[in-house]
Amino acid sequence: MQIPLQITFHGVDHSDAVETRIREKVAKLEHLFDRITSCRVVIEQHHRNTSNLHHKGEPFHIRLALTVPGDELVVKRDPKDSHVNEDIYVALREAFAGMERQLKEYVDRSRGNVKARAQA
């Protein structure tokens, strides 16, 4: 991987498996557009209960920030429903799918491949 990658865990124990999955997803983004200058991934889990014994069932909050020439693309997944994104891999898949869509739109705009909008 050519780009600087910063992965941060808040309220979640560090996992080598999760970090490996993130690196794979970032490599796929880099394959779509090779001029990405940096990528930051923050994985967070808020705990309504202050006891460390009750972490199960809380959703994961994912924030991806991708720096590209002249822009920064950001995807935030902050589910309000506590049963959404309880699985960290599902949360990552959804966040990276959103970033892939944004990156494809950015590439199309930068290449001038954007369709003109119809005048109303």
Q.
Can you list everything that forms a side chain to side chain contact (heavy atoms under 4.5 Å, CB included) with Ala97? Sequence neighbours excluded, please.
A. Arg101
Q) In Å, rounded to the nearest 0.5 Å, how long is the span from CZ of Arg21 to CD1 of Ile88? A) 10.5 Å
(Q) Could you measure the distance from the CZ atom of Phe33 to the CZ atom of Arg111? Nearest 0.5 Å is fine. (A) 7.5 Å
Q) Under the side-chain contact (heavy atoms from CB on, under 4.5 Å) criterion, do Phe96 and Val26 qualify, and how do the steps go? A) CA-CA 8 Å; Phe96 274 95; Val26 171; 3.8 Å; yes
Q: Group every Ile, Leu, Val, Met, Phe, Trp and Tyr by side-chain heavy-atom contacts under 4.5 Å, then state whether Val42 and Leu66 land in the same group.
A: no
Q. Are side-chain heavy atoms of Ile22 and Ile43 found at a separation under 4.5 Å?
A. yes
Q: Measure the CE-NZ distance between Met99 and Lys25 for me, rounded to the nearest 0.5 Å.
A: 13.0 Å
Q) How about Val18 and Tyr89: do any of their side-chain heavy atoms sit closer than 4.5 Å? A) yes
Q | Residues that His14 engages under ring pair (Phe, Tyr, Trp, His ring centres under 6.0 Å), provided they are two or more places apart | A | Phe9
Q: Following the transitive rule for hydrophobic clusters with a side-chain heavy-atom cut-off under 4.5 Å over Ile, Leu, Val, Met, Phe, Trp and Tyr, establish whether Val74 and Val68 coincide in one cluster.
A: no
Q: Could you go through the side-chain contact (heavy atoms from CB on, under 4.5 Å) check for Leu29 and Ile36 one step at a time?
A: CA-CA 9 Å; Leu29 293 176; Ile36 298 170; 4.2 Å; yes
**Q.** Separation between CZ of Arg40 and CD1 of Ile7, rounded to the nearest 0.5 Å
**A.** 13.0 Å
(Q) Show the nearest heavy-atom pair for residues Ala95 and Ile62, with the distance to one decimal. (A) CB-CG2, 3.6 Å
(Q) Using 0.5 Å steps for rounding, measure from the CD atom of Glu30 to the CZ atom of Arg35. (A) 13.0 Å
Q: Please confirm whether the backbone N or O of Thr67 pairs with a side-chain atom of Thr37, one donor and one acceptor, at under 3.5 Å?
A: yes
Q. Rounded to the nearest 0.5 Å, what separation is found between the OH atom of Tyr106 and the CG atom of Leu32?
A. 13.5 Å
Q.
Do the side chains of Arg93 and Glu100 get close enough for a salt bridge, i.e. N-O under 4.0 angstrom?
A. no
Q: Step by step, work out the side-chain contact (heavy atoms from CB on, under 4.5 Å) result for Glu19 and Val41.
A: CA-CA 10 Å; Glu19 186 172 330; Val41 181; over 6 Å; no
Q) Does Arg23 reach the side chain of Leu5, with side-chain heavy atoms less than 4.5 Å apart? A) yes
Q: Just do the side-chain contact (heavy atoms from CB on, under 4.5 Å) check on Leu73 and Leu103 with the steps written out, would you?
A: CA-CA 7 Å; Leu73 309 176; Leu103 185 59; 3.9 Å; yes
